[in-house]
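Have a look at the structure below before the remarks.
Worth saying up front: this structure is predicted, and the values here are computed from it rather than measured. Below, chains carry the letters A, B, ... as their sequence lines are ordered, and counting in each starts from 1. These values consider heavy atoms only, across backbone and side chains, with no hydrogens, waters or symmetry-generated copies.
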There are 2 protein chains.
Amino acid sequence: MTEEFIFSPAQVGRAGEDVALQIEAAILNGKFQPGERLPSERDLQRQFHTGRGVIREAMGALKQKGLIEIKKGAKGGAVVKNVEMHLVSESLALFLKQRRVEAQYLIEVRESMDRTITNLAIARATAEEKAGLVEGAKKLVRLLQAQEPDMVAVFELDRELNLLLARMTRNPVFEWIMRAMQSGLASHDHSLYDDPAYRERTGVNWLQTARGIARGEPLQALSFIGYHYVMLRDCLAKARMGDQTTADDIPRYPLEIGPAATQGVPDNGDVAASGGK
Amino acid sequence: MTEEFIFSPAQVGRAGEDVALQIEAAILNGKFQPGERLPSERDLQRQFHTGRGVIREAMGALKQKGLIEIKKGAKGGAVVKNVEMHLVSESLALFLKQRRVEAQYLIEVRESMDRTITNLAIARATAEEKAGLVEGAKKLVRLLQAQEPDMVAVFELDRELNLLLARMTRNPVFEWIMRAMQSGLASHDHSLYDDPAYRERTGVNWLQTARGIARGEPLQALSFIGYHYVMLRDCLAKARMGDQTTADDIPRYPLEIGPAATQGVPDNGDVAASGGK
DNA sequence: CTCGATTGAATGGTAGTACCATTACCGAGC
DNA sequence: GCTCGGTAATGGTACTACCATTCAATCGAG
């Protein structure tokens, strides 16, 4: 009745890392499939011929990396998991947060990414997706027209629209990048919605962009995206300068929205972008 | 003589996480500056009113995140560190590795990133940087002309050229993204250099790209970048199909290199892209 | 006085035990 | 058949003891 030992005893000095590396290698080599359960901590303790603290340290590291999930209780233990983008985003966000990267740099990356994604989305998305994007943008505009917009809903819808756009590229990597940016880089976007001077124009501009995409007009869509980032940079500069400049340096694009398709909005509830009061 | 307790006792149930979060927050809020030393584990044990194992678990988590570095011995302990891009890249690489993302998707992202970076580099880099890029590309071509090229040197130079290009955008975020891509996504690039059918043309194309950038001709540079990715996709397809297609579907751009500036290469050491034997 | 070796203290690393909290499972009793 | 409670397995915490490493102060030889 010899137990099957698939691990070797750990070296002294940094036993925890050693154990973690061996288990990680076993997982990545497919010796443990996602969903499968690792031996219990006490079993591993015997296999590695070490203390339980070392095993726990290793498990903690793997948990941090998102490779395993640990459940308590009988039939609990460490279960191999798929690494989630979530964790990568957090790692990136931590990096950016500690470096205190200037907004200007992040915005530039974000804009270039948006442009790339937009081009691909125009080329590859289905008509249904494009129509959905326009409908979402219309909903966003309506939300922003309220006296006191529900900002939580606005941020959530903005987030969803961006993810939808990324998904329309038919390349999952862009969707992941977009998720990462929203976790770590997108805090600046909120300032556009928070400032009443930009709020409505931002929504209308989203709609313009969506319509450009739906029409299959890359240049139009990219123009509107450019306008979005002009506004964003201006808005941040204004916040930094302490309201020395007004938002009215920026020209406005007039626009009519037309009736909504999904929500119970009256047919005559058209929207003019001549915001103000 | 009351000690100064800046932390609160940990809650039961997930004491380790609680401690880790408190310390992490203290670091990110600037209560501990990079380079500064945290209290010893035994001190923290007293402050948090918990066992040393919990503290060690928390320290392990922070170490995993790259927020602290732990040294042994007297005057050792946990020192606050700057988070390194390195760790973010590893996190991303782990994610991609486990997901087995198809090369096609990664290449697409890589190409779009290259195009963005190239445009910015043309607009912002100094003449010296552009000249340096051209010189580096020349060196790459010369390396690739050898009978048995030093692949280690080739990969390293290719990596450096990409990083230089990213740095020329004057936006550190692009440099970080490039580093991340090289850690996790760039394994495919090597196949272009490994295959003799593409090796030399890849180098020459790098030089063409660099010259386009140096001349301030975005369209030219982007054309060559496009050619690079056409070759890469073709090369990978060829490897996948088992050599059914030949590399000669791809047209070649003839080119003369001219004398080298830095290395001791004879002046008549020009290079023609008519590779083949 | 100077330089080297020795020793001690501080600190992280490991081992081991004991106990608690949570969970799944099973059987007795209603 | 259903519910309730016991039981065992498992992770989470606490505590102790000891080892390994590092730095610095001290001691001693020259």
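In this structure, CD of Glu69(A) is placed 12 Å from P of dG12(D), rounded to the nearest angstrom. In this structure, Ile68(A) atom CD1 and dT10(D) atom C1' are separated by 14 Å, rounded to whole Å. Between the CD atom of Glu41(B) and the C1' atom of dA17(D) there is a distance of 16 Å, given to the nearest Å. Distance, Leu44(B) CG to dA10(C) C1': 15 Å, rounded to whole Å. Distance CD (Glu17(B)) to P (dG11(D)): 16 Å, rounded to an integer number of Å. With rounding to whole Å, Asp43(A) atom CG is found 7 Å from dT10(D) atom P. For the pair Gln45(B) CD and dT13(D) C1', the computed distance is 12 Å after rounding to whole Å. Here the P atom of nucleotide dT21(D) and the CD1 atom of Ile70(B) are 17 Å apart, to the nearest Å.
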Tell me, for nucleotides 20-27 of chain C in 5' to 3' order, what letter each nucleotide earns: B for a base near a protein heavy atom under 4.0 Å, S for only sugar-phosphate near one, - for neither?
--BBS---
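A donor atom on one side chain and an acceptor atom on the other are not found under 3.5 Å apart for Asp43(A) and Gln47(A). A donor-acceptor contact closer than 3.5 angstrom links the side chains of Arg110(B) and Asn162(B).
Put simply, Arg56(B) has a side-chain N or O that comes within less than 4.0 Å of OP1 or OP2 on dG13(C). Put simply, Thr50(A) has a side-chain N or O that comes within less than 4.0 Å of OP1 or OP2 on dA15(C). Using a 4.0 Å cut-off, no side-chain N or O of Arg52(B) falls inside it from OP1 or OP2 of dT11(C).
Across all their heavy atoms, Ala20(A) and Ala61(A) have their closest contact at CB-CB, 4.4 Å. Closest approach of Ile117(B) to Leu165(B), counting heavy atoms only: CG2-O, 3.7 Å.
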side-chain contact (heavy atoms from CB on, under 4.5 Å) evaluation trace for Ser112(B) with Phe174(A):
CA-CA 11 Å; Ser112(B) 71; Phe174(A) 282 113; 3.9 Å; yes
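Residue contacts shown for Gly77(A) are limited to sugar-phosphate atoms, with no base heavy atom under 4.0 Å away.
Between Met168(B) and the options Glu175(B), Arg124(B), Glu129(B), a side chain to side chain contact (heavy atoms under 4.5 Å, CB included) holds for only Glu129(B).
Under a cut-off of 6.0 angstrom, the local environment of NZ in Lys81(A) is crowded, with over 12 non-hydrogen atoms contributed by other residues, nucleotides or ligands.
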